[in-house]
Amino acid sequence: MAWRGSISKSMKELRILLCQSSPASAPTRTFVEKNYKDLKSLNPKFPILIRECSGIQPQMWARFDMGVERCVNLDGLSEPQILKALENLVKSGATGA
């Protein structure tokens, strides 16, 4: 998973939005608990923002160069699928797609 260390090279910011208690956000909370520390240690100066809001659908926002933003709806995705969605965002930013 070498792509984890290149997040800061392809993105400017990563925002994860989730609800603190809803079942729909449970896999997203698990993703954050399992992966935040590793992602942050590999990208220490990269802003990874976790935003909690009651009742919100889980989402992941990536900001790239020139203010381009992409959103992935995480509702219904498992923790491994969320990781794959992040990998796809990182790779799309690296290629400029």
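- Heavy atoms only, all atoms of each residue included: Asn43 and Ile7 are closest at OD1-N, 3.6 Å.
- In this structure, the side chain to side chain donor-acceptor pair (under 3.5 Å) partners of Asn35, at least two apart in sequence or on a different chain, are Arg4, Glu79.
- We find the CD1-CD1 distance between Ile16 and Ile82 to be 8.0 Å, quoted to the nearest 0.5 Å.
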Can you list, pair by pair, the side-chain donor-acceptor contacts under 3.5 Å of residues 45-68, counting residues two or more places apart and other chains?
residue	atom	partner	partner atom	Å
Gln59	OE1	Trp61	NE1	2.7
Asp65	OD1	Lys12	NZ	3.2

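- Of the possible polar contacts, one joining the Ser6 side chain to the Trp3 backbone as a donor-acceptor pair under 3.5 Å is found.
- Residues Leu77 and Asn73 share a closest heavy-atom pair of CD1-O, 3.8 Å.
- Applying the salt bridge (Lys or Arg N to Asp or Glu O under 4.0 Å) rule to Lys40 yields no partners; only residues at least two apart in sequence or on another chain are considered.
- Within the 4.5 Å cutoff, side-chain heavy atoms of Asp38 are placed close to those of Ser41.
- Expressed to the nearest 0.5 Å, how far CZ of Arg70 lies from CG of Asn88 amounts to 11.0 Å.
- Here the shortest heavy-atom pairing between Ser8 and Gly5 reads OG-O, 4.5 Å.
- Sorted pairs that involve residues 18-33 and meet salt bridge (Lys or Arg N to Asp or Glu O under 4.0 Å), not counting sequence neighbours, are lacking altogether.
- Remark: Ser78 pairs with Pro80, Gln81 by the side chain to side chain contact (heavy atoms under 4.5 Å, CB included) rule, at least two apart or across chains.
- In this structure, Asp75 CG and Cys19 SG are separated by 11.0 Å, a value rounded to the nearest 0.5 Å.
- No chain of hydrophobic side-chain contacts below 4.5 Å, direct or via other Ile, Leu, Val, Met, Phe, Trp or Tyr residues, connects Leu83 to Leu17.
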